[in-house]
Structures are given as C-alpha cells and as structure tokens.
Amino acid sequence: MVVDEGAAGTLDRLFHALADTTRRDILRRCVQGDLSVSQLAAAYPMSFAAVQKHVTVLERAGLVTKQRRGREQLVLSEPDAVARARRALDELEALWRGRVERMSDLLPPGPRTAQHHPKEGPDP
C-alpha cells in the first residue's frame, strides 16, 4: 500500500488535535458560535497562553481558523476538516470489513452459529 505522505501528515495533525479533550471541547464551542480566544480562555482553568496553544494545534490541523475583528481574534470552525476525518475513518472501516469478508471466505462451510461449551468436570 502506497501512503501519500502529505495526506498522511494532514490526517496525523487532524487526529492529534482531536485526541485531546480540551481541544475537542474548544472545537465544540466554536461550532456553536464564533468565540474569541479570550472568551475561550475564560472557560478553562488554565492560562490564556495554554488555550492559545490549543487553538494553534486546532488551526494547524485545519479544524479552525482565526480571524481578526478589531482587537480580538475570533476562532471559526471549519466543518470540512471534520468531514475529512469521517472519510478517513470510513475508508479504514471499509478496509477492515473487506478483510473480515476475505477471512470468512477461508472458513470451511458448515454451521457457524455453533458455540463451544467447555465440559463440566473431568472426562471418565
């Protein structure tokens, strides 16, 4: 299988960003409405700089963009990025389902619903 390094790097950044609870929460808040970095920082028990770093990770992953309005930086969600994650997971699911189907083709025909029940007690 040939891996497109550019696409792999993009997906790595995307899933890395989504792997953190705080970043997922920031993303949820941004999907509900445009918020400034200051407004986001007020919602967390961490420094402004820490929230700003989380927003930067989300921005590098393409999940949000920042837009200056006056003195504030608004954080805007990018729904296409979540769609990219969904497509990547759908592709993985299709690969696994295909693999399971190929494995089931290798099994001999016969009852596949029989369950193995261990014997109770020792053999005579």
Q) At what distance, to the nearest 0.5 angstrom, does CG of L40 lie from CD1 of I26? A) 6.0 Å
(Q) I need the Q39 CD to C30 SG distance, nearest 0.5 Å. (A) 10.0 Å
Q) Ion pair present between R29 and D25, side-chain N to carboxylate O less than 4.0 angstrom? A) yes
**Q.** Results of side-chain contact (heavy atoms from CB on, under 4.5 Å) for A88 - residues two or more places apart only
**A.** L11, F15
Q | Residue pairs involving residues 87-96 (criterion side chain to side chain donor-acceptor pair (under 3.5 Å); sequence neighbours excluded) | A | E93-R97
Q: Give every residue pair that meets the salt bridge (Lys or Arg N to Asp or Glu O under 4.0 Å) criterion with at least one member in residues 41-51, sequence neighbours excluded.
A: none
Could you tabulate the donor-acceptor pairs under 3.5 Å formed by side-chain atoms of residues 53-63, not counting sequence neighbours?
unit_1, atom_1, unit_2, atom_2, d
H54, ND1, R23, NH1, 3.3
T56, OG1, Q52, O, 3.0

Q: Please list, chain by chain and in numerical order, all residues satisfying side chain to side chain donor-acceptor pair (under 3.5 Å) with D34, sequence neighbours excluded.
A: none
For residues 71-80, run the donor-acceptor check on the side chains, cut-off 3.5 Å, and write out each pair with its distance to 0.1 Å, sequence neighbours left out.
unit_1, atom_1, unit_2, atom_2, d
E78, OE2, T65, OG1, 3.3

